[in-house]
Amino acid sequence: MLRNIKYYLAALLLLAGTTSCLEKFPESSIPEDEAMQTYNDAEQLVTGIYAGLLSSSLFSGNLTVMPDIQADLVYAVEDFSNVYGPIWQWNILSTDSDVESVYAALYTIISRCNFFLERIDQVKAQETDVEKIDNLDVYTGEVHMIRALCYSKLLECFCKAYDPATAENELGVVLRSKYSEPEPMKRASLAASYQFVIDDLKAAESLLDEDDNTYNSLYVTLAAAQALHARVALYMQDWQTAIDYASEVIGNKTFTLADGTVSYTSTDTYLSYMWNYDSSFEIIWLLGYTTTSYGGALGQVFLNANRDYMYTYPDYVPAQWVLDLYVSNDLRNDIYFKEYTTGYANGLTWPLLNKYFGNMNLISSAKNMYMYSMPKLFRLAEQYLIRAEAYCNLPTPNYSAASKDLTTLRSKRFSGGAGAITVSQSNWLETISQERVRELYMEGFRLNDLKRWQMGFERTPQTNSLPEGSSLKIEADDPRFVWPIPRHELEAPGSEIEPNESNI
């Protein structure tokens, strides 16, 4: 389906001050009862919802990099700018502006989704063009999927890991499904919150058409909804559902793993091209950038290459244990990392994260547009990792199938025919956890992975690392795995929102 890509600044507005993120957001200066009355109004609103996803508080910034920075994947360096410093040091307060921005941005998009869903039936009722009615159904499916995605991210960040045995008694998130009607500012149970996400995904799946599936899509597709369903099912320990949905995506001939062993251009393999140009048969859904409409710079804190355009000044460098995971014939190593001598006085030389150096087309079109990589919300590789983990957790584990999935993925990432791997009862968790680090490094999964696996970690100082935070031991049950609910939400008039343990 072809559309004009127009980004409306109104869709990027966030709340300021102590106003609750759960208040309604005016879409424009148009009175509420006059807004979204026509097909064009609906199309514009959906475009605005997509534009909101570009916020640097979300997938092009905080929501992607903060969880991995908080976990065990990087070290802050001496002389760093203190960006995300409290996150890295596990000194996260309910007034932390970065945490607040994630919470606010997600609920902003949820509010706009609710606005659309509340009015779409009225628009359809007065529309006579059959093709436009069909398009409105697709838009509705996309909005349901985007709302599900936003709620799933709130659950990852602000709630405990899902345990089927206790989910009814654990705190979820504040569920808002309406725009005009008042709803209690109170957290639902974790079980009810996850069920809300599943219901949204089922609604999306019923409205989206498999014929619209395309690789590298800038919009929600049925495959994207299925990919999120597989991820959420994995987090819910619904192993068979995770396998079923991941299998739907893996079996879809539209998508193919990017092959690091095959050249695509004279300078890039299919795998390196995916990161250098943000284009691949493997990408299910990404957020598109142009030189005039783009989100945050994912690579900024890992390179800071635009400080003087001569040296890098990274705030965070990869942990040595992570670098040690990549053996010599792992092709991801040279794509994800590159050794630089930094511009710091200490002369630190270290392999830095080069995965987000930036889109080469944007760099060549717009001078100095470094470190702007398009967020890849869903990739086929994750689905293989989801299915492999789910196979290992079945009542009767299927380690053979898990081994096959991991080997299939690694065959596209290793040179010389290497990459075959076997998992068993004794090694499956270690093997899969390490492979998720190798494949998904700095894509925002690590903190939630550790939380759901009930795994802690320990940092020990490495070369030129910041002393504060370099010696840190985090137990698996540390309440700070769950981010605090922003204080202004707890103190807003009429709020019945209960705090997390990390708020106390």
Side-chain angles (χ1 to χ4, degrees), residues 5 7 50 53-54 56 58-61 64-65 68 214-219 255-318 326 330-343 350-381 412-413 415 438-444:
I5 303 176
Y7 298 115
Y50 276 104
L53 294 173
L54 290 176
S56 61
L58 297 179
F59 303 97
S60 65
T64 295
V65 302
D68 283 358
T214 180
Y215 65 88
N216 234 61
S217 178
L218 299 177
Y219 304 103
F255 310 105
T256 306
L257 287 169
D259 197 332
T261 69
V262 177
S263 295
Y264 180 59
T265 68
S266 60
T267 57
D268 281 285
T269 65
Y270 281 90
L271 182 60
S272 63
Y273 194 87
M274 176 168 65
W275 295 106
N276 290 336
Y277 292 90
D278 299 322
S279 181
S280 174
F281 297 113
E282 179 175 316
I283 299 172
I284 299 168
W285 178 25
L286 84 165
L287 301 182
Y289 284 10
T290 69
T291 55
T292 56
S293 295
Y294 50 89
L298 280 171
Q300 185 69 44
V301 298
F302 308 112
L303 291 169
N304 275 328
N306 54 355
R307 183 163 162 179
D308 57 20
Y309 296 103
M310 294 179 62
Y311 297 98
T312 58
Y313 298 85
D315 292 298
Y316 297 93
V317 300
Y326 297 87
D330 190 331
L331 299 168
R332 291 169 293 196
N333 185 48
D334 290 339
I335 296 170
Y336 286 11
F337 308 102
K338 181 179 179 181
E339 186 171 285
Y340 292 86
T341 297
T342 69
W350 199 264
L352 305 185
L353 180 66
N354 210 54
K355 185 178 186 177
Y356 297 141
F357 182 81
N359 182 292
M360 295 301 175
N361 286 330
L362 294 179
I363 291 172
S364 63
S365 300
K367 184 179 179 181
N368 298 334
M369 197 171 173
Y370 298 106
M371 299 166 293
Y372 285 88
S373 295
M374 301 182 195
K376 300 157 189 63
L377 302 187
F378 295 95
R379 294 195 289 121
L380 184 60
K412 307 300 182 182
R413 306 315 199 221
S415 63
R438 294 186 191 98
E439 181 62 35
L440 304 174
Y441 186 77
M442 278 300 146
E443 294 182 53

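Remark: side-chain polar atoms of Ser272 are not paired, donor with acceptor, to backbone N or O of Ile335 under 3.5 angstrom. The backbone N or O of Thr292 lies less than 3.5 Å from a partner atom in the side chain of Thr290, making a donor-acceptor pair. With Tyr340 contributing its side chain and Tyr311 its backbone, the two residues share no donor-acceptor pair below 3.5 Å. Listed for the Thr64 side chain is no donor-acceptor partner under 3.5 Å among the backbone atoms of Ser60. Panel note: side chain Thr269, backbone Thr261; no donor-acceptor pair is recorded below 3.5 Å.
The distance from the CG atom of Asn306 to the CE atom of Met371 is 3.5 Å, given to the nearest 0.5 Å. In this structure, CG in Leu377 is found 4.0 Å from CG in Leu287, a value given to the nearest 0.5 Å. Once rounded to the nearest 0.5 Å, the distance linking CZ of Phe378 with OG of Ser217 reads 12.0 Å. Ser373 OG to Met360 CE: the interatomic distance, rounded to the nearest 0.5 Å, is 8.5 Å. From Thr214, atom OG1 reaches atom CD1 of Ile283 across 11.5 Å, with rounding to the nearest 0.5 Å. Interatomic distance, OH of Tyr372 versus CG of Leu298, reported as 10.5 Å (0.5 Å rounding).
Using cut-offs of 30° and 60° for the angle between ring planes, the Phe302 and Tyr356 rings count as tilted. The aromatic rings of Tyr270 and Phe281 sit tilted relative to each other, their planes meeting at an angle between 30° and 60°. Between Tyr294 and Tyr289, the ring planes lie tilted relative to each other; the angle falls in the 30° to 60° range.
Taking both residues in full, the closest heavy atoms of Asn359 and Tyr277 are given as ND2-O, 3.1 Å, listed atom of the first, atom of the second, then distance. In terms of heavy atoms, Pro351 sits closest to Pro318 at O-CD, 3.1 Å. Minimum interatomic distance between Leu218 and Tyr50 (heavy atoms only, all atoms of both residues): O-CE2, 3.9 Å. Counting all heavy atoms, side chain and backbone alike, Ser56 lies closest to Gly296 at CB-CA, 3.9 Å. Met374 and Leu362 make their closest contact through CE-CD1, 4.4 Å (heavy atoms, listed as atom of the first residue, atom of the second, distance). Across all non-hydrogen atoms, the minimal contact from Leu271 to Trp275 is O-CD1, 3.4 Å.
Partners of Asp68 according to the side chain to side chain donor-acceptor pair (under 3.5 Å) rule, which considers only residues two or more places apart in sequence or in another chain, do not exist here. Every residue was checked against the side chain to side chain donor-acceptor pair (under 3.5 Å) condition with Thr342, not counting sequence neighbours, and none meets it.
The salt bridge (charged side-chain N to carboxylate O under 4.0 Å, His left out) contacts involving residues 258-276 comprise Asp259-Lys412, where partners must be two or more places apart or lie in separate chains. The salt bridge (charged side-chain N to carboxylate O under 4.0 Å, His left out) pairs that include a residue from residues 295-311 number zero, where partners must be two or more places apart or lie in different chains. Residue pairs meeting the salt bridge (charged side-chain N to carboxylate O under 4.0 Å, His left out) criterion with at least one partner in residues 273-286, sequence neighbours excluded, are Asp278-Lys376, Glu282-Arg379, Glu282-Arg413. Sorted pairs that involve residues 291-304 and meet salt bridge (charged side-chain N to carboxylate O under 4.0 Å, His left out), not counting sequence neighbours, are lacking altogether.
Under the 3.5 Å distance criterion, with hydrogens and angles disregarded, no donor-acceptor pair is assigned to the side chains of Asp315 and Gln300.
Tyr441 and Tyr336 have their aromatic ring centers separated by at least 6.0 angstrom.
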- Query: Where do Asn216 and Leu286 land on the side-chain contact (heavy atoms from CB on, under 4.5 Å) test, with the steps shown first?
  - Reply: CA-CA 6 Å; Asn216 234 61; Leu286 84 165; 3.9 Å; yes
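Other residues, nucleotides and ligands contribute at most 12 non-hydrogen atoms within 6.0 Å of the OH atom of Tyr215.
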